[in-house]
Amino acid sequence: MPKGRPKTKTAIVQLRVPPQLKAAAEVAAKRDHRSLTGFIEVLILNHCKNHDIPVTEATQETSP
């Protein structure tokens with residue numbers, strides 16, 4: 001049995017933001033002791049939790 005983290009499937013998300021926003025996000029991530037990716041994941045998860053959006057493998061929007 002292999003050791004370490006289990007392999008999980010991931011999806012690629014690309015977005016363009018102003019350089020100032022990226023720099024601010026990098027500072028915020030560093031202060032939170034996270035990578036930029038990890039920081040953005042936490043932001044999305046918290047948003048979904050606060051707005052009762054379930055996070056499942058195949059979450060689909062059914063209403064506006």
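Throughout, numbering of the chain's residues begins at 1 and tracks the sequence.
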Can you name the one residue among Leu45, Asn46, Ile40 that meets side chain to side chain contact (heavy atoms under 4.5 Å, CB included) with Val42? Asn46
Donor-acceptor contacts, no H, no angles, side chain residues 12-38, under 3.5 Å, sequence neighbours left out:
| from | atom 1 | to | atom 2 | distance (Å) |
| --- | --- | --- | --- | --- |
| Asp32 | OD2 | Arg34 | NE | 2.8 |
| Ser35 | OG | Gly38 | N | 2.9 |

Sequence neighbours excluded, every pair satisfying salt bridge (charged side-chain N to carboxylate O under 4.0 Å, His left out) that has a member inside residues 44-53: none
What residues join Phe39 in its hydrophobic cluster, counting side-chain heavy atom gaps under 4.5 Å, either direct or through other members? Leu43
